[in-house]
Amino acid sequence: MSSLSIIAPAKLNLFLHINGRRPDGYHELETLFVFLNYGDQLDFTLRTDNQILIECENPELTTQDNLIFKAARLLQNHANITQGITIKLTKKLPMGGGVGGGSSDAATTLLALNHLWHCDFSNEKLAELGLQLGADVPVFVKGFAAIAHGIGEQLEAVNLAPSWYLVVHPNVHISTQAIFTHPDLPRSTPKINGPWQEAKLYNDCESLVKKLSPEVEKTLQWLLEYAPSRMTGTGACCFASFAEEADANKALNALPAHWQGFVAQSVNISPAHLELNAKLNLL
Ligand SMILES: C[C@](O)(CO)[C@H](O)COP(=O)(O)OP(=O)(O)OC[C@H]1O[C@@H](n2ccc(N)nc2=O)[C@H](O)[C@@H]1O
Ligand SMILES: Nc1ncnc2c1ncn2[C@@H]1O[C@H](COP(=O)(O)OP(=O)(O)OP(=O)(O)O)[C@@H](O)[C@H]1O
């Protein structure tokens with residue numbers, strides 16, 4: 001196999017509780033991750049030299065700062081690989097939107113290159129490597145919907161009924177680091193005691209982000225007219241959940257022109273894993 005095309009799906013944090021702060025600044029949290037069947041597209045082509053090249057319409061994403069580059073370099077060094085790779089990125093996910101685009105791109109890169117370069121590492125090992133790139137990378141590498149503990153890397157699988165989501169990106173960028181370092185962020189939500197389905201669920205970042213960004217507040221107010229809604233991650237994207245695809249699309253069609261949105265279904269298994277398995281079984 002010399003090439004492979006795989007999706008890098010979005011995630012939503014259906015709730016996000018912050019339980020404390022570690023001495024290194026990272027936060028202890030409890031969050032429910034689910035995947036969406038919508039995401040970036042990554043096309044991998046093997047190279048005979050050892051270069052790692054990224055092609056993308058957005059020149060900002062072709063540099064060595066891209067998590068895709070960092071993931072490929074990490075694996076190449078870790079497994080002493082002499083081959084290189086050209087990766088074409090078709091960016092569909094809003095950047096800095098809380099849907100995990102960069103982390104998902106990194107995870108899909110680790111999963112695809114593990115096969116193309118014949119590294120044969122377990123997903124456990126890839127997740128451990130991925131954690132060096134970001135707290136959200138392990139869940140995309142493991143590929144199952146989960147409640148995360150720790151800084152987001154300890155994963156307990158869950159099985160959720162599928163739902164349709166309208167995800168809206170107000171055209172504002174929220175820095176994850178700015179939220180996690182803000183003095184007003186609530187950091188002392190108690191750990192859930194008992195079944196999570198019976199707990200009061202919310203996103204601890206939401207009220208702070210709404211205060212800092214009135215556009216996020218307006219987005220949530222708008223979505224709440226249609227369905228139960230919440231912010232994902234540290235924002236800025238907000239989502240509303242619908243039982244029927246048609247209702248989600250009806251709301252999307254009414255979306256004010258200055259915001260962007262998409263409709264997608266939630267899934268328990270990452271579409272990246274489903275695509276990879278389907279392609280490998282074909283060969
Ligand atoms: C907010 C979430 O998206 C929820 O899924 C993640 O926890 C963030 O994951 P991520 O973007 O992969 O995070 P990283 O790239 O590792 O870190 C970005 C910034 O968020 C802070 N951060 C991240 C995760 C965490 N549990 N506590 C933190 O305080 C880090 O200190 C850093 O300043
Ligand atoms: N492949 C990538 N795609 C998008 N952003 C990237 C990528 N690699 C690095 N970045 C940088 O990471 C920043 C955050 O991007 P990302 O889209 O992952 O945020 P996010 O959706 O808020 O993620 P999370 O939910 O994990 O916090 C971007 O502003 C960009 O500078």
Side-chain angles (χ1 to χ4, degrees), residues 1-9 11 22 24-26 33 35 39-56 58-91 93 95 100-144 146 148 150-155 157 176 269-283:
M1 201 195 310
S2 63
S3 65
L4 202 50
S5 294
I6 306 278
I7 190 174
K11 58 84 175 165
R22 302 194 317 196
D24 65 0
Y26 266 79
F33 281 111
F35 303 104
D40 296 341
Q41 182 65 36
L42 275 74
D43 304 317
F44 299 86
T45 310
L46 280 178
R47 302 175 61 89
T48 46
D49 63 25
N50 68 353
Q51 286 197 75
I52 295 167
L53 288 186
I54 302 175
E55 297 172 351
C56 183
N58 178 351
E60 275 174 38
L61 288 172
T62 60
T63 71
Q64 300 195 355
D65 290 333
N66 195 319
L67 285 173
I68 294 175
F69 180 87
K70 292 182 181 171
R73 180 64 91 215
L74 185 66
L75 192 64
Q76 197 185 39
N77 288 340
H78 200 82
N80 294 319
I81 301 297
T82 53
Q83 278 177 301
I85 197 80
T86 298
I87 306 167
K88 182 171 164 237
L89 167 64
T90 308
K91 195 79 199 161
L93 297 175
M95 297 210 282
S103 312
S104 186
D105 289 348
T108 287
T109 300
L110 292 174
L111 292 166
L113 293 183
N114 191 40
H115 285 282
L116 286 173
W117 285 343
H118 301 289
C119 306
D120 296 329
F121 288 134
S122 65
N123 284 355
E124 198 65 45
K125 176 73 192 168
L126 293 178
E128 196 187 301
L129 285 174
L131 184 59
Q132 297 176 32
L133 304 168
D136 273 351
V137 179
V139 73
F140 288 108
V141 169
K142 297 259 181 90
F144 50 83
I151 63 163
E153 85 296 9
Q154 295 163 24
L155 301 169
T176 300
I269 303 291
S270 161
H273 288 249
L274 295 177
E275 280 188 10
L276 190 59
N277 289 343
K279 287 182 181 176
L280 297 178
N281 288 342
L282 279 180
L283 300 170

Taking the side chain from [X] and the backbone from [Y], do they hold a donor-acceptor pair closer than 3.5 Å?
| X | Y | value |
| --- | --- | --- |
| Lys70 | Ala106 | no |
| Thr86 | Leu53 | no |
| Glu153 | Leu131 | no |
| Asn114 | Phe121 | yes |
| Asn123 | Lys142 | no |
| His273 | Val141 | yes |
| Ser104 | Gly101 | no |

[X] and [Y]: which non-hydrogen atoms are nearest, and at how many Å?
| X | Y | value |
| --- | --- | --- |
| Ala8 | Leu93 | O-CD1, 3.6 Å |
| Ala157 | Phe144 | CB-CD1, 3.6 Å |
| Gly84 | Gln76 | CA-NE2, 4.1 Å |
| Asp136 | Ser103 | CB-OG, 3.4 Å |
| Leu155 | Ala148 | CD2-CB, 3.7 Å |
| Gly130 | Val137 | O-CB, 3.4 Å |

Aromatic rings Phe35 and Phe140: how do their planes relate, parallel, tilted or perpendicular, breaks at 30° and 60°?
tilted
Going from [atom1] on [X] to [atom2] on [Y], what distance comes out if it is rounded to the nearest 0.5 angstrom?
| X | Y | atom1 | atom2 | value |
| --- | --- | --- | --- | --- |
| Met1 | Leu280 | CE | CG | 5.0 Å |
| His78 | Asn80 | NE2 | CG | 9.0 Å |
| Ile87 | Leu116 | CD1 | CG | 9.5 Å |
| Leu133 | Asp105 | CG | CG | 11.5 Å |
| Thr108 | Leu42 | OG1 | CG | 6.0 Å |
| Asp43 | Thr90 | CG | OG1 | 5.5 Å |

Side chains of [X] and [Y], heavy atoms from C-beta outward: is any pair under 4.5 Å?
| X | Y | value |
| --- | --- | --- |
| Leu61 | Ile54 | no |
| Ile6 | Leu111 | no |
| Ile85 | Leu46 | yes |
| Leu276 | Leu4 | yes |
| Lys91 | Asn58 | no |

Residues Asn50 and Thr82: side-chain donor-acceptor under 3.5 angstrom:
no
Please identify each residue that fulfils ring-ring contact (aromatic ring centres under 6.0 Å, His included) with Phe69, with sequence neighbours left out.
none
Chi angles and distances behind the side-chain contact (heavy atoms from CB on, under 4.5 Å) call for Leu129, Leu75:
CA-CA 8 Å; Leu129 285 174; Leu75 192 64; 4.0 Å; yes
Please evaluate residues Ile151 and Arg22 with respect to the criterion side-chain contact (heavy atoms from CB on, under 4.5 Å), reporting the C-alpha separation (whole Å), side-chain torsions for both, the decisive distance (0.1 Å), and the verdict.
CA-CA 9 Å; Ile151 63 163; Arg22 302 194 317 196; 3.3 Å; yes
